Structure formats: C-alpha cells, structure tokens
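Working notes for the structure below.
The structure presented is a predicted model; accordingly, all values stated were derived computationally and were not measured.
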Amino acid sequence: MAKNQTFAVVDLETTGTKMDGTNRIIQFSCVLVQNRKIVNTFNTLINPLMAIPADVQNLTGIHEKDVRHAPLFDDVAGTIYALLQDTVFVAHNIQFDYRFLNAELERVGYPELDLKGVDTVQLSQILYPCLASYRLQDLSAALKISHERPHQADSDAVVTAELLIKLMDQIHQLPDSLLRQLESMGDALLFETGMLFSNELRNRNAPKKYNADLIQVGKITFRRPRKFSDHLQGRSKQPLLEAWPSSYEKRPQQLNLMEDVASQMRHRQPQAFFEAPTGTGKTLGYLLPAAHELQYGHRFLISTTTNALQNQLIDQEINQLDQFLPFKVNVVSLKGSQHYIDLDKFAHTLDQPQNDYTRLIQMRLLVWLTQTETGDLDELNFTVQQLPLFDEITHHGVQGLNQESPYYQYDFMRRRTDEMQNADFVITNHAYLIKHAAEFADQHRTLIVDEAQQLVTTTLQNNNQVMDLDAVKILADTLLVKMESQVSYSFANLIEQRLLTKAEYRKILQKIQVIDHTIPEFRDAMLQRFMKLQRIAKITETPVQFKKIFGFVKEHVNQYRKVQNAIRFLENKNPKLYRHFIELLDQQRLDSQSFNLFKAYFKLSNELLAKLKNWDRLALENLEKTADSLLMWLSYPQAQDGAHLRIHFGLMESQDFLQTNVYSFFNQVLFFSGSYFTSQTYQYFVDQLGAVESKHFKYQSAFDYEHQAKALLVKDAPDVNQVPADEYANYLSDQIIQICQAQHRQTMVLFNSNEMVEKVYDQLRDDERMQPWQILAQNVTGTAERLKKKFQSVQNVPQLLLATGTFWEGVDLPADQLETLVIAKLPFQAIQSPYNQIRYQRDERAGGNAFNDIALPEAVMRFAQGVGRLIRTQHDRGLVITLDSRIVNRSYGKQFVNTFPQGMPVKVIESEQLTAEITNFFNSKR
C-alpha cells in the first residue's frame with residue numbers, strides 16, 4: 001500500500017437494514033483520509049421514493065420532508081462511484097455499508113465496487129481490547145471524540161474517520177514483535193483490515209525503539225512484572241484528613257465515620273461494625289483511615305461482594321486516594337484462578353488451527369497483554385466467555401503449571417503471590433475470602449468486610465453444592481466412547497503412533513470404568529433407600545438425616561472408596577498427561593486428529609472431575625466433622641424425562657464457619673454495611689455473621705428522604721397466601737399497567753420467583769396499553785447482566801424491568817435510571833425447600849419460633865436492600881410502591897415499614913388511589 005493511500009470513510013443511513021431490495025439509502029457521507037489527516041468530505045441526502053419508517057426517523061432525525069427535494073440515488077450514483085475509485089473503503093461495520101452500497105449501485109446500472117476494505121469495529125476491538133462497547137457512539141465517548149449527531153451519516157462518517165486516525169496512531173505505537181504477530185493473523189479479519197499492520201511495518205524506516213516496560217517471550221509481548229515502591233521509607237507521618245482536596249465535598253457523617261474507623265484501627269479492637277447508609281461515603285470512609293494507618297505498619301485485606309464491585313473499588317475508589325495522599329498505595333487484586341490467563345497455554349493456541357473469530361479474540365488478547373499488569377481476563381469485558389478458546393487458556397492454579405515453560409517465571413498467578421506479600425491493600429471478593437482466608441494467616445492484616453450484609457449469604461451459597469450422579473454417568477460414558485471408539489480416531493491410534501503407552505492408557509481407562517460402573521450402583525441404592533416412599537407420593541426433594549446418610553455410606557464404603565481412588569488417580573495423572581501433550585505439540589508430533597482427541601479428553605475428564613468435586617463430602621470422617629453444621633437433601637424430579645438424582649450439601653449456619661475459617665487468620669475484623677437495620681434484623685444479622693461482640697457504629701444518611709422519596713403501601717391487594725398464583729398475577733399485571741400509565745419513567749418491579757415474572761410478562765406483553773413501553777423480563781428477554789446494562793442505558797422510550805434475584809441487592813441505578821420501584825411481594829424465602837425445612841425444624845426443636853427467628857428477619861433485610869435500590873445520590877427522586885397488602889394488614893408488617901429510611905414519607909392507600917398519588921408526587925416540586 002502506498003504511504004499516501006487515500007481511505008474513504010463511508011457511512012449510510014437507510015430505510016431499513018434488510019438487504020432484500022426493499023430498502024433504500026436516505027443519506028450518503030464520505031470522509032477522505034490521507035496520511036492520518038482528513039483531506040475532504042462529501043455528504044448528500046437521498047430521496048428514497050418510499051416512506052421512511054417512524055423508528056428510522058426517530059433514530060436518525062431524518063424525516064420525509066428533509067428528503068422530499070433531495071436527489072435520487074440514480075442522480076448521485078456516478079459521483080459516488082467516481083469518488084470511491086482508487087481508495088480503501090472504510091466503515092464501522094463494513095459488512096453492512098459496503099454490501100448495501102454495492103447493491104444500490106448495481107440496481108441503477110453501475111458495476112460492483114472492487115475496493116480493498118477496512119472495518120473499524122474489528123480494529124477497535126483489537127487495539128482497545130478493554131472497552132465495554134464498540135458501538136460508534138460508545139467508542140467516541142470513551143476516546144473523547146466529539147460526536148454531535150449520532151445516527152446521522154455525515155456526523156458518523158467524520159467520527160469514524162477520526163477513529164481511524166486514532167487506530168492508526170495506536171498501530172504506530174506497537175512494537176515490531178507484536179505487529180509481526182498481528183500481521184501473520186490478519187487474514188482472519190474482514191476484507192483487508194489486516195493491511196494496516198502490514199502497512200505500518202513496511203513504512204518503518206528502522207525497527208521501533210523497544211519500550212522498556214515490555215518484554216518478549218516466544219510469540220508473546222507483555223508488560224514486565226511490576227515492582228512495588230517503598231513509598232513510606234523516610235516519609236514523615238501525615239495526620240489523617242490533613243490534605244483534603246478542595247474539589248471534594250466534606251460530608252459530616254463521612255468525617256465522623258473516618259474518625260471512628262481510625263480509632264478502631266489504631267486501638268486494634270478485635271471487631272467493629274459500621275452501619276453507613278448509601279450517601280455516607282462509606283468506601284472512602286474506611287479507605288482513607290486505612291491508608292493513614294499504613295504509616296504505622298498496618299496492612300489490609302478488603303473483601304467486597306462481587307468481582308464487578310472488586311474491579312470498581314480498584315478502578316475508582318482506590319484511584320481516588322491519589323487526591324488525598326502524597327503517595328500511591330500498592331494494591332493487588334485476588335480472584336479465583338479461572339479469572340486469569342495462562343500464558344503457556346495461550347502461546348500454544350497461537351500455533352493451532354483456529355477459525356476467524358477465534359483469531360480475532362487472540363489478536364485482542366495479544367494487544368491486551370502489552371497493557372495488563374494483572375492478567376485478569378475480566379479487564380476485557382467479554383460478556384460471554386463460552387468460546388472454546390477460553391476453556392484452553394484460563395488458569396487452573398499454579399500447581400498445574402509447566403515449570404519448564406519459558407513463561408513460567410512470568411505467570412500472572414505466580415506474580416500475584418509475590419506481589420501480595422508486599423501489598424498495602426489486597427482486594428478480593430467474599431467468595432474468594434471464605435475459600436482462601438488461610439493464605440493470609442502469616443501476613444498480620446486487618447480484614448475489612450465491605451457489603452458485610454452479603455458475607456453470610458455468600459458463605460451459605462458457596463457451601464451449598466450439588467452433585468448430579470446421573471450427569472457423572474453420562475460424562476463417563478461419553479469419555480469412554482471417545483477413548484475406545486472403533487469407528488473414529490481413538491486412543492488406540494495414539495498408542496500406535498507412540499504418543500501414549502499401552503500401560504498408561506489401560507490405567508486411565510480402568511479408573512474411568514470404575515466411575516462409570518460404580519456410580520450407577522451407588523446411585524440406585526441411594527434412590528431405593530431414601531426416595532422410595534417419596535417417589536410414590538410424587539415428592540421431588542427430601543431431606544436426609546445425618547445418621548441415615550452416615551449409615552448408608554458405611555454400608556457402601558467399598559463403592560465409595562473405589563470412586564474416591566479413581567478420582568485421586570485422575571487428579572494426579574491429568575496434569576502430567578497435559579504436560580506430555582504440550583511437549584508433543586512443541587515437537588510437532590501431533591496431527592489434527594490426535595490433537596483434537598487429546599483436547600476432547602482433557603475437556604471431558606476435567607468436566608467429570610468437576611462433577612465429582614464434592615465426592616469427598618461423603619467420606620465418613622468428613623460426615624462426622626460436619627454433622628452439626630452441614631445439611632443434606634436429595635432431589636429427583638421424577639416428572640421429567642430422564643430424571644437425575646442429585647445430592648445437595650448445604651451449610652446450616654454461617655457464624656461458626658466464619659469464626660473458624662475466616663476471622664481467625666486476621667488481627668482485626670471491621671464490618672461495613674450500607675443496609676438499613678431495625679433492632680431485630682441487626683441482632684439476627686450479627687448473630688449469623690458471628691460478630692456479636694462487635695462494637696456498633698451507626699450513621700444517618702446524607703439524603704433528604706422527606707423530599708426525595710415517598711413510599712406507597714397498597715392495603716386492598718388480595719392476600720398472596722389466600723389466592724391462586726394466576727389470580728395474583730392478574731392483580732399484579734393490572735396494578736403495573738396502572739402505575740405505568742400514571743408515569744413514563746424508568747420502572748423496576750421486584751418479584752420473588754421467575755415463575756411469577758413469566759406470568760406477568762406474558763400478560764403485559766399482549767396488552768395494548770403497554771405498547772409505549774419497552775418491557776424487559778429477567779430470564780425471559782435476557783440474562784440478569786444483559787438486562788442490567790440495557791436498563792442502565794436510558795432509552796427514548798420508558799423501560800419496565802421485571803426482575804428478581806440479584807436485582808434486590810448490589811445494583812446501582814442512580815438518577816433517571818430508576819425512578820419508580822415496585823415490590824410485588826414481600827421477599828419471604830420458599831418455606832417448602834428442604835434447606836429451609838431443615839433450618840426451621842432445627843430452630844423449632846431448640847424451642848424457637850422459626851418464622852420470627854429466621855424467616856421474618858431474612859425477609860425484612862432483603863426488603864430493605866430492595867428499597868435501597870431507589871435513592872442512590874443526593875439528586876435522585878423516586879417512588880417505592882408495595883403491592884403486598886400484608887405489609888399493612890399483618891402485625892409483622894411494621895417490621896418492614898420500619899426499614900424505610902428515616903424521614904421517608906409512608907402512606908397507606910387503596911389501589912384506586914395509585915394514579916393520583918403517583919401523578920401528585922412527580923408533579924410536585926422538590
């Protein structure tokens with residue numbers, strides 16, 4: 001390509017996206033770029049001689065009156081055709097613009113364009129691998145490109161041209177080694193997109209000076225391991241709050257929180273609990289005192305709820321400390337091994353045959369590795385990691401690494417272990433904490449538990465596991481067929497090629513056969529012993545008492561041990577076999593058939609071992625140890641074809657587990673929560689948390705709830721316990737329609753079950769009164785994560801989100817992202833679940849009242865978390881509407897009402913008053 005090659009950046013607006021001849025162009029725009037500069041532009045509206053659909057008019061701002069006197073495409077086709085000659089065609093999603101334009105040119109008698117092409121979507125994905133979205137509007141915002149009129153071709157074309165220039169600048173910064181690797185993979189990209197890498201290499205007069213921060217090993221270029229600076233050496237101690245940035249607002253409650261936290265840290269109180277509602281500035285409220293304590297040799301582990309919040313804490317709040325401190329804190333993020341890339345495995349995938357999409361992902365990863373310091377794949381914002389590539393390149397722990405690999409010393413998880421020893425702050429999530437707390441036993445850290453209200457839930461969830469015995473049998477069968485098949489390529493062929501010894505094969509085969517034969521025997525005996533009567537009564541789940549399961553395993557201990565020994569063998573053998581596989585790859589001794597067979601074996605055997613990861617729980621010694629804390633139940637949905645027998649394991653209570661397996665490894669434990677607690681729910685919560693001795697600090701919210709919010713409680717709703725589910729769904733649908741007709745604002749309805757979400761969604765979807773609304777329903781129109789992103793991006797039409805599960809907690813929806821919150825039903829857990837049956841029965845046997853002791857406090861806490869979704873900033877305003885009449889008509893309803901934030905007006909109404917109350921609230925002045 002000539003150095004002064006002209007790039008024609010094209011954007012079209014059309015009456016529709018179908019390329020079946022029924023749509024036409026309504027605007028053509030082209031921006032010419034030469035030597036990384038815009039040199040010319042061309043733009044014209046086009047009369048399509050057909051109606052422009054209303055949604056296209058709304059999206060583009062181009063109306064029929066605008067094109068009425070515009071030229072026909074026939075009149076401008078010649079100009080467009082001539083303009084594009086001898087150029088490289090560039091578009092953001094080239095597949096659409098290039099093909100649509102060619103179809104139109106052919107329609108009016110011009111030959112098809114035969115131009116080289118570049119797609120800025122793929123280039124952006126490669127060169128900016130960590131962005132959350134590659135829509136042109138989102139890219140322009142992320143890269144600070146002015147975009148005045150999105151979805152108008154002239155504006156979009158200019159933005160795409162400026163994006164192209166930025167992409168070329170990015171390519172110019174890449175080291176030669178990475179450029180050569182990207183060039184070798186360029187054929188996988190659309191059109192000639194890869195030509196930009198080749199062009200850059202050819203136009204370099206000399207090799208680019210190597211960036212000292214980068215290192216090349218084999219085919220991968222990545223950042224050198226970071227070294228933490230001793231930022232406190234020789235520095236005089238700085239008083240807390242001495243340097244408060246002028247741009248940062250001082251909040252009285254936050255200052256009080258900081259002083260209290262600093263006092264508890266300084267005096268090393270064993271435990272303290274800080275209840276700091278939304279708006280207090282809780283995170284900075286503990287981070288700044290903790291950073292101050294670094295001067296005195298204190299170090300911290302901070303645990304929060306999810307990986308997303310863990311990332312947010314590092315990207316936002318930790319970085320915010322720079323404004324307050326004269327030094328930068330040393331931080332390490334800890335997650336499970338599956339979040340990290342295995343460099344050695346990734347390097348080997350570069351030599352393997354791949355489809356074009358996989359090559360694109362590999363190119364993104366190659367660029368990302370020159371940027372990342374952590375190797376955390378979450379940085380890439382992949383919404384779906386189901387691509388087979390990720391099965392191959394995700395980490396499985398340092399114990400499985402090949403120590404002979406050139407990448408071994410640079411492995412991200414090994415680096416992380418070293419960095420952790422010198423980090424001021426280690427940031428993790430609750431799930432990682434409860435599994436790996438012992439790793440910090442000798443580090444003398446203070447544990448800060450953020451979002452402490454979720455630690456109990458996470459502890460119970462992560463100790464609630466399922467083992468599907470039928471799924472184990474199916475996987476073992478599949479694996480044996482793959483190994484023994486006489487029709488297709490099998491392990492016998494590997495032995496013939498001396499890629500595997502016959503002795504190794506026989507041993508592996510024998511152990512999988514043991515699992516395949518023994519598990520069904522064990523399963524049938526268990527089904528006969530524990531589910532015989534239940535199957536007659538058509539009960540699908542049944543609790544299992546400790547004495548009975550202990551006796552059963554004791555009777556079948558030989559079967560148990562056979563399977564256990566087979567598992568141990570495969571766990572030890574598979575890493576060795578994988579290293580042998582890598583050696584064969586390096587020696588180029590594997591053809592495509594043997595390569596694919598090895599891959600299939602590792603995939604299936606790892607899945608088999610994952611299905612059996614809880615087999616140890618059935619060991620007699622483990623059953624004895626967990627007799628007082630572990631509960632078990634069996635499920636067998638016999639109404640389903642091919643029903644599976646599943647063994648469920650659950651932790652009865654969290655407090656003893658947390659005291660023994662988490663808190664004991666830290667010098668001090670500080671709990672922080674943004675939830676509202678009543679006296680009853682607080683006592684229940686700290687009991688479950690095992691923090692009964694904690695000193696309690698409570699702060700008022702910074703929000704003006706009297707003017708920012710209001711709660712409406714509907715008292716004449718049917719009693720949910722007295723009416724069929726379909727009838728209650730009809731009631732909810734009618735009320736939601738009434739609420740939506742009274743206001744056109746972002747509205748979320750919180751449910752307790754997916755079943756009710758589906759029932760209500762089906763009714764709303766078919767009701768013409770809801771046509772102005774975009775209705776989103778969890779697990780119906782999308783996953784929770786996808787719907788969250790969609791709901792957060794406020795649309796031109798009002799959105800209604802029907803949600804359950806995770807939307808009760810941990811979802812941040814400030815300002816106009818959420819203005820009306822509806823609670824369809826008080827969030828009591830399902831009493832009929834075996835897990836709750838056992839917990840409730842145990843409480844009753846101890847002389848308690850399960851409803852008052854367990855069910856009610858848990859529901860009240862969840863209700864408070866749901867209400868907390870509404871007001872997130874000092875400028876928010878919104879309504880919370882409760883449609884469950886029990887909050888008014890039952891004596892325990894007061895406990896729910898007491899969780900509303902102090903100052904929030906609460907009004908009891910009848911259904912017919914809803915419209916007037918909603919209208920009055922949103923029409924009233926703040």
Side-chain angles (χ1 to χ4, degrees), residues 125-126 129 181-182 184-185 188 217-222 335-369 372 374-408 410-414 475 478-479 482-483 489 494 499-500 570-571 573-611:
Q125 290 171 334
I126 293 167
Q181 184 67 35
L182 295 176
S184 70
M185 305 164 79
V217 178
K219 293 188 175 183
I220 303 178
T221 305
F222 48 83
K335 299 178 184 177
S337 61
Q338 72 276 12
H339 292 275
Y340 299 92
I341 189 170
D342 185 316
L343 291 172
D344 186 52
K345 292 179 180 178
F346 174 60
H348 281 96
T349 67
L350 298 175
D351 296 323
Q352 299 164 11
Q354 306 288 357
N355 61 41
D356 288 350
Y357 182 68
T358 301
R359 284 290 183 228
L360 172 63
I361 299 298
Q362 288 177 322
M363 294 171 82
R364 296 179 66 180
L365 289 166
L366 284 165
V367 174
W368 169 68
L369 284 169
T372 183
T374 68
D376 182 355
L377 291 163
D378 290 347
E379 294 174 0
L380 291 159
N381 286 305
F382 286 125
T383 54
V384 179
Q385 293 189 358
Q386 296 172 343
L387 194 70
L389 176 69
F390 288 97
D391 290 335
E392 298 181 52
I393 68 172
T394 50
H395 220 294
H396 289 92
V398 294
Q399 67 280 359
L401 292 176
N402 177 12
Q403 297 187 23
E404 304 302 318
S405 167
Y407 302 100
Y408 180 75
Y410 301 104
D411 178 75
F412 286 106
M413 287 199 71
R414 292 188 69 252
L475 268 172
T478 306
L479 187 52
K482 181 66 69 175
M483 294 175 69
Y489 196 83
L494 297 181
L499 302 175
L500 192 72
L570 292 174
E571 286 176 337
K573 183 64 179 176
N574 274 3
K576 297 175 184 175
L577 189 59
Y578 184 82
R579 285 195 287 273
H580 178 59
F581 166 66
I582 295 299
E583 289 171 2
L584 294 173
L585 264 180
D586 290 339
Q587 296 166 10
Q588 298 184 336
R589 291 178 58 194
L590 296 181
D591 58 24
S592 61
Q593 285 183 307
S594 54
F595 170 77
N596 289 329
L597 179 58
F598 268 120
K599 279 180 64 175
Y601 168 80
F602 290 122
K603 184 177 186 296
L604 290 169
S605 62
N606 286 336
E607 287 179 8
L608 180 65
L609 291 173
K611 293 288 183 187

Min side-chain heavy-atom separation [X]-[Y] under 4.5 Å:
{"X": "Leu366", "Y": "Met185", "result": "yes"}
{"X": "Gln352", "Y": "Glu392", "result": "yes"}
{"X": "Gln399", "Y": "Pro575", "result": "no"}

Checking the side chain of [X] only, and the main-chain atoms of [Y] only, is there a donor and an acceptor separated by less than 3.5 Å?
{"X": "Arg364", "Y": "Gln125", "result": "yes"}
{"X": "Gln338", "Y": "Lys335", "result": "no"}
{"X": "His348", "Y": "Asp344", "result": "yes"}
{"X": "Arg414", "Y": "Val398", "result": "no"}
{"X": "Ser594", "Y": "Leu590", "result": "no"}

Heavy atoms from other residues, nucleotides or ligands near CD of Glu404 exceed 12 (cutoff 6.0 Å) = no
NZ/Lys603: more than 12 non-hydrogen atoms of other groups inside 6.0 Å
no
Check your understanding: Are the charged groups of Asp351 and Lys219 less than 4.0 angstrom apart, N to O?
Key -> yes
If you apply the rule side chain to side chain contact (heavy atoms under 4.5 Å, CB included), what do you find for Leu401 with Asp342, and how did you get there? CA-CA 8 Å; Leu401 292 176; Asp342 185 316; 3.6 Å; yes
Answer with yes or no whether the side chains of Asn402 and Tyr407 bring together a donor and an acceptor at under 3.5 Å.
no
Given the options Thr374, Thr372, Leu377, Phe412 meets side-chain contact (heavy atoms from CB on, under 4.5 Å) only with Thr372
task: Test Glu607 against Lys611 for salt bridge (charged side-chain N to carboxylate O under 4.0 Å, His left out), laying out the working first.
output: CA-CA 6 Å; Glu607 287 179 8; Lys611 293 288 183 187; over 6 Å; no
Quiz item: Mind checking whether Phe581 and Phe598 have ring centres under 6.0 Å apart?
Solution: yes
